[in-house]
Amino acid sequence: MKPVDLHTHSTASDGTDSPGDLVARAAAAGLGCIALTDHDSVAGVPEAVAAGAALGLPVVRGCEISASTEYGEMHILGLWLPEHAPELNELLTEMRLGRERRNRIMLARLNELGLEIGMDDLASDASESIGRPHIARALLAKGYVGSIGEAFRLYLVKGRPAWEPRRLPKPAAVVELMARLGACVSLAHPFLIRCPAPWLERQVAMLRERGLCAIEAWHSEHNGAQVEQAVSLARRYGLRLTGGSDYHGANKPAVRLGACGSGEIPGEIMDGLRDFAVRQTR
Ligand code: AMP
Ligand code: FE
Ligand code: FE
Ligand code: ZN
């Protein structure tokens, strides 16, 4: 069975491949299905779906939304989103306005340090949803840092001079909204949350009541043991399994489409998601 990838980013948010290029790359890599899950945006979806149709590769409409918890950010994926979803668009717009406000503050801080970067340096690409990776790329392009990773380490993470938090919704609100739309709501990369295991388990139990459908067990930053833990967690709570590389193109050069820490993302996960997949093709 061909591997799949249900978590990818394009130039509509903080990836570096256009939606069309991303889909072409996935087809060339021999993947069986791909989801476009940009942060706070579905702007890349029509181009991706059209490219997929031309290449015979199913493309899932998706997005990724960050929520706030006592242990930092929790990321939630909506997969098989409906085409018409005014309530979702309202939330995505609000999230992007929050980003814009934060970007202005972060740039002002960098300017104070003598690093000359303006809003125009961030938005030169097709991006609708602009975040810290855009600032990192601008710092790299101007020669202020030697890599994207260095830009984050020196300036953009909590505790560093340009850091500014973002006001985020609660996980339950995001899950409920996506579930109301009939989407497959999946808890993204659960092991990137630095939290005690019992807390994570309580969150999963609580979010399941709000409409959580799946757990992203396979992810480029999950090791084999974590994949197994995620599978076991999903089984205990009657949740399905998803997997994605979290591909960002050149912004995360080590991440390959269809690949995760323990190898390939198994195409077999699609068996458990067939009811969603069937609906999209209607
Ligand atoms: P933002 O959504 O603006 O808060 O930025 C978070 C995004 O930055 C994540 O989704 C990652 O894509 C990226 N990111 C976070 N930390 C790093 C890092 N150390 N190196 C490269 N990309 C990072
Ligand atoms: Fe990202
Ligand atoms: Fe994420
Ligand atoms: Zn992601």
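Every number for a ligand or one of its atoms is a count from 1 in the order of the listing.
Between the side chains of Thr16 and Asn251, not a single donor N or O lies within less than 3.5 Å of an accepting N or O. In the model, Tyr237 has a side-chain atom that pairs as donor or acceptor with a side-chain atom of Glu201 under 3.5 Å. Side-chain atoms of Ser245 and Asp5 form a donor-acceptor pair, as typed in the model, at a separation below 3.5 Å. No donor-acceptor contact under 3.5 angstrom links the side chains of Glu264 and Trp218, judged on distance only. In the model, Ser129 has no side-chain atom that pairs as donor or acceptor with a side-chain atom of Ser13 under 3.5 Å. For the residue pair Glu128 and Ser41, a side-chain donor N or O sits within less than 3.5 Å of a side-chain acceptor on the partner.
Among His219, Gln226, His75, His222, the single residue meeting the side chain to side chain donor-acceptor pair (under 3.5 Å) criterion with His189 is His75.
The atom of His7 that is an N, O or S and sits closest to the Zn ion (ligand 4) is NE2. In terms of distance to the Zn ion (ligand 4), the nearest N, O or S atom of Glu64 is named OE1. Atom OD1 is the N, O or S atom of Asp246 at the shortest distance from the Zn ion (ligand 4).
Ser127 contributes atom OG, which lies 12.0 Å from atom NE2 of His9 (distance to the nearest 0.5 angstrom). Rounding to the nearest 0.5 angstrom, the gap separating the CD1 atom in Ile265 from the CD atom in Glu216 is 8.0 Å.
Using a 4.0 Å heavy-atom criterion, the residues that approach ligand 1 are Asp14, His39, Arg99, Arg102, Gly131, Arg132, Pro133, Ile148, Phe152, Arg166, His248, Lys252.
At least one N/O/S atom of His9, from backbone or side chain, sits under 2.8 Å from the Zn ion (ligand 4).
At distances below 3.5 Å, not a single donor-acceptor pair connects side-chain atoms of Arg240 with backbone N or O atoms of Cys213.
Using a 4.0 Å cut-off between charged side-chain N and carboxylate O, Arg96 and Glu100 make no salt bridge.
Excluding waters, the protein N/O/S atoms found under 2.8 Å from the Fe ion (ligand 3) are Glu64 OE2, His75 ND1, His189 NE2.
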